[in-house]
Amino acid sequence: MLRHRRTPVRAAALAGAAVLVGVLGLAAPAAAHISVNPSQATVGDYARLAFRVPNESDEHSTVEVEVVMPEDAPVASVTLARVPGWTADVQVAPVDPPLEVHGAQVTEAVSRIVWTADNPQAGVQPGEFVEFPVSLGPLPEAEQLVFKSLQTYSDGTVVRWIEVPVPGEEEPATPASVLTLTSAEEDSPAVGGGQEQVDDEAPADDTATGSDAGESDTGGNGAALGVGIVGLLAGLGGLALGGLAFARTRRPTPAPATAPAAATRPESTSGGGGSAD
């Protein structure tokens with residue numbers, strides 16, 4: 001009977017644990033997806049980014065990462081940093097209309113980047129992440145760049161991080177990486193009329209000329225000189241007084257006069273000539 005009463009309790013506990021694991025398991029992919037860092041850059045600039053790839057498997061390593069560049073906002077120049085243990089393959093595709101970079105027409109742009117681990121041991125191990133740095137630009141006129149990516153594990157499993165997040169809505173289970181773009185005007189501090197007024201008034205303070213300025217400088221210098229002379233004389237007087245006081249303290253004190261010695265009284269002689277004894 002005791003065993004039958006414990007069985008429902010154990011079953012309920014196992015069911016609760018299973019539900020908890022299921023909830024955590026569903027939340028884990030969204031919290032550990034491939035991301036781009038930093039997540040914000042300025043239109044027209046060259047940005048140094050890093051695609052951060054965490055490993056979500058407990059047993060297998062990540063051996064390949066493929067990042068697809070946005071087709072609706074192509075980037076003319078993409079350069080890569082070397083990642084030890086990985087080999088990068090850069091693929092290009094024609095762009096129409098051509099991109100203008102520093103006065104030149106660019107008819108091709110990077111379409112995708114594929115990083116492949118040299119071996120499973122060099123891949124992203126369980127519980128670790130690896131960053132793949134890139135430098136790209138100039139960043140196009142757009143609100144954001146969406147980078148869809150594929151993550152391949154050593155057992156052949158492929159996770160597709162391709163869902164585009166929608167602002168204000170819940171993050172999808174397998175979101176793509178998003179780089180938010182801002183204009184240069186939004187990043188720079190606003191310059192208003194107050195700043196212009198300061199600039200206009202600055203020359204008046206720096207270019208003061210004429211007799212008034214000269215007299216002001218002369219009067220100021222004369223007063224300073226007079227104060228300096230008075231201070232010097234006062235200092236010399238104090239130094240002289242201090243020297244006299246020091247000399248007095250060092251003067252030897254005369255020895256007191258010695259009292260004259262008392263006259264020695266001649267011993268009286270007795271008539272008998274004998275001693276006291």
Side-chain angles (χ1 to χ4, degrees), residues 29-30 32-55 62-118 123-124 129-152 158-169 171-189:
H33 59 273
I34 296 177
S35 60
V36 60
N37 298 284
S39 60
Q40 182 174 316
T42 305
V43 171
D45 286 354
Y46 284 80
R48 187 185 188 280
L49 309 174
F51 291 97
R52 179 174 298 175
V53 181
N55 195 324
T62 297
V63 295
E64 185 176 281
V65 177
E66 178 179 348
V67 175
V68 180
M69 304 295 292
E71 296 181 359
D72 56 344
V75 180
S77 173
V78 178
T79 56
L80 310 180
R82 182 176 302 176
V83 181
W86 292 77
T87 301
D89 178 32
V90 179
Q91 302 177 14
V92 298
V95 291
D96 188 22
L99 303 176
E100 184 174 351
V101 181
H102 304 302
Q105 297 291 322
V106 177
T107 59
E108 289 185 340
V110 175
S111 60
R112 64 186 61 216
I113 308 170
V114 181
W115 287 276
T116 304
D118 297 340
V124 187
F129 72 87
V130 172
E131 290 188 335
F132 299 88
V134 301
S135 176
L136 52 88
L139 298 177
E141 290 281 351
E143 295 183 355
Q144 63 181 16
L145 297 181
V146 178
F147 301 97
K148 299 180 179 181
S149 55
L150 305 179
Q151 182 177 8
T152 303
V158 178
V159 181
R160 300 168 60 85
W161 304 99
I162 61 174
E163 297 182 83
V164 180
V166 178
E169 296 185 5
E171 186 180 58
T174 54
S177 304
V178 177
L179 176 67
T180 303
L181 299 181
T182 59
S183 62
E185 290 78 8
E186 295 177 356
D187 294 340
S188 61

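Reckoned from all heavy atoms, side chains included, excluding hydrogens, waters and symmetry mates.
- Here the closest non-hydrogen pair linking Arg52 and Pro54 is O-CD, 3.4 Å.
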message = Checking Met69 against Arg112 for the side-chain contact (heavy atoms from CB on, under 4.5 Å) test, could you report, in this order, the C-alpha distance in whole Å, the side-chain angles of both residues, the deciding distance, and whether it holds?
response = CA-CA 5 Å; Met69 304 295 292; Arg112 64 186 61 216; 5.7 Å; no

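- Across all their heavy atoms, Val36 and Leu179 have their closest contact at CG1-N, 4.2 Å.
- Taking both residues in full, the closest heavy atoms of Val53 and Val124 are given as O-CG1, 3.8 Å, listed atom of the first, atom of the second, then distance.
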inquiry  = Walk me through whether Thr116 and Asp89 qualify under side-chain hydrogen bond (donor to acceptor under 3.5 Å, both in side chains).
reply    = CA-CA 8 Å; Thr116 304; Asp89 178 32; over 6 Å; no

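- Tyr46 approaches Ser77 most closely through the heavy-atom pair CE2-CB, 4.2 Å.
- Contact record, Trp86 with Ala117: CE3-N, 3.2 Å, taken as the closest heavy-atom pair.
- By the 6.0 Å contact criterion, CD on Glu71 is open, its count of non-hydrogen atoms from other residues, nucleotides or ligands being 12 or less.
- Counting only heavy atoms from C-beta outward, the side chains of Pro94 and Thr107 never approach each other to under 4.5 Å.
- A donor-acceptor pair shorter than 3.5 Å cannot be found between the side chains of Glu64 and Trp115.
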task = Apply the test side-chain hydrogen bond (donor to acceptor under 3.5 Å, both in side chains) to residues Gln40 and Thr180: give CA-CA distance (whole Å), side-chain angles for both, the deciding distance (0.1 Å), then the verdict.
result = CA-CA 5 Å; Gln40 182 174 316; Thr180 303; 5.8 Å; no

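- Taking the six-membered ring for Trp and thresholds of 30 and 60 degrees, Phe51 and Phe147 have ring planes more than 60 degrees apart, a perpendicular arrangement.
- Annotation: side chain of Trp161 is not in contact with side chain of Ser177 (no heavy-atom distance under 4.5 Å).
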Using distance only, find each side-chain donor-acceptor pair of residues 132-145 under 3.5 Å and give its atom names and separation, not counting sequence neighbours.
none

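- The closest side-chain heavy-atom distance from Val106 to Pro98 is not below 4.5 Å.
- Side-chain contact between Thr174 and His33 is absent, with no heavy atoms from C-beta onward closer than 4.5 Å.
- Counting heavy atoms from C-beta on, the side chains of Pro38 and Leu49 come closer than 4.5 Å.
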inquiry  = Before you tell me yes or no, could you show the steps for Val83 and Val130 under side-chain contact (heavy atoms from CB on, under 4.5 Å), namely the whole-Å CA-CA distance, both residues' side-chain angles and the distance that decides it to 0.1 Å?
reply    = CA-CA 9 Å; Val83 181; Val130 172; 4.2 Å; yes

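- Closest heavy-atom contact between Ile162 and Lys148: O-CE, 3.5 Å.
- Using a 4.5 Å cut-off on side-chain heavy atoms (C-beta onward), Leu80 and Val90 make contact.
- By the 4.5 Å heavy-atom criterion applied to side chains, Ile113 and Val78 are counted as neighbours.
- A distance of 5.5 Å separates CZ of Arg160 from CG of Leu150, quoted to the nearest 0.5 Å.
- In this structure, Val110 and Gln91 have side chains that are not in contact, with every pair of non-hydrogen atoms separated by 4.5 Å or more.
- Going from atom CD1 of Ile34 over to atom CD of Glu66 covers 10.5 Å, rounded to the nearest 0.5 Å.
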